[in-house]
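Basis for what follows: all heavy atoms, side chains included, without hydrogens, waters or symmetry-related copies.
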Amino acid sequence: MDNIRPVLDLRNNFSEISRIVHTENTPVFLTKNGYGDMVVMSMEDYRDKSFRREIDVKLIDAEIEHQRDPITYTHEEVMSRLLRIMC
C-alpha cells in the first residue's frame with residue numbers, strides 16, 4: 001500500500017521518512033493541500049529505476065532497429081567479426 005504523507009512531514013518527521021524509504025525500499029508520496037505534490041525515494045531506488053528505464057529504452061530502440069533491418073547474426077558470427085576488428 002502507498003505511504004502517503006503531508007509535505008510538512010518532511011520537516012517534522014524527516015528521520016521517519018528516511019527510514020521508510022531506506023529500510024522498506026518504498027517511496028513516500030507527499031501531498032500539499034490535499035493533492036499529490038512529490039515523491040521521496042532512496043537514491044538506490046532512484047538509480048535502479050533510472051537504470052531499468054534506460055534498459056527499456058534501449059530494448060525498444062533495438063526492436064525498432066530490428067523491424068527496419070530484420071537481418072540477424074549468431075553469437076559466433078558477431079564474435080568472429082569482433083575478433084577480426086580487434087586484431
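- Dense packing is recorded around CG of D61, with more than 12 heavy atoms of other residues, nucleotides or ligands lying under 6.0 Å away.
- The pair D56-R52 does not meet the salt-bridge criterion, since no charged nitrogen lies less than 4.0 angstrom from a carboxylate oxygen.
- To the nearest 0.5 Å, atom CG of residue N12 and atom CD1 of residue I17 are 9.0 Å apart.
- To the nearest 0.5 Å, atoms NZ (K49) and CE (M41) are separated by 5.5 Å.
- Within the model, atoms OG of S50 and CD1 of I55 stand 11.0 Å from one another, a figure rounded to the nearest 0.5 Å.
- Within the model, atoms SG of C87 and CG of L82 stand 10.5 Å from one another, a figure rounded to the nearest 0.5 Å.
- Cluster annotation: I71 and V78 are assigned to the same hydrophobic cluster (Ile/Leu/Val/Met/Phe/Trp/Tyr, side-chain heavy-atom contacts under 4.5 Å, transitive).
- Placement of I4 and I20 in two distinct hydrophobic clusters is found when ILVMFWY residues are connected by side-chain heavy-atom separations under 4.5 Å, directly or transitively.
- Note that CE of M79 is 16.0 Å distant from OH of Y73, once rounded to the nearest 0.5 Å.
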query: Would L59 and E63 satisfy side chain to side chain contact (heavy atoms under 4.5 Å, CB included), going step by step from the backbone distance to the final call?
result: CA-CA 6 Å; L59 287 171; E63 181 63 31; over 6 Å; no
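- Put simply, L10 and V21 are part of the same group of oily side chains (I, L, V, M, F, W, Y) that touch within less than 4.5 Å, one to the next.
- Side chain of S80 to backbone of E76: no donor-acceptor contact under 3.5 angstrom is found.
- Residues F14 and L8 do not share a hydrophobic cluster, clusters being chains of Ile/Leu/Val/Met/Phe/Trp/Tyr side chains in contact below 4.5 Å.
- Distance OG1/T26 to CG/N3: 6.5 Å, rounded to 0.5 Å.
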Let me see the working for E54 and K58 under salt bridge (charged side-chain N to carboxylate O under 4.0 Å, His left out), right down to the final yes or no.
CA-CA 6 Å; E54 185 178 332; K58 289 182 180 188; 3.4 Å; yes
R68 and E65: salt bridge (charged side-chain N to carboxylate O under 4.0 Å, His left out), yes or no, with the steps? CA-CA 5 Å; R68 283 190 211 138; E65 181 65 27; 3.6 Å; yes
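- In this structure, T23 contributes its side chain and R19 its backbone to a donor-acceptor pair below 3.5 Å.
- Few gaps surround CD on E24; more than 12 heavy atoms of other groups in view lie less than 6.0 Å from it.
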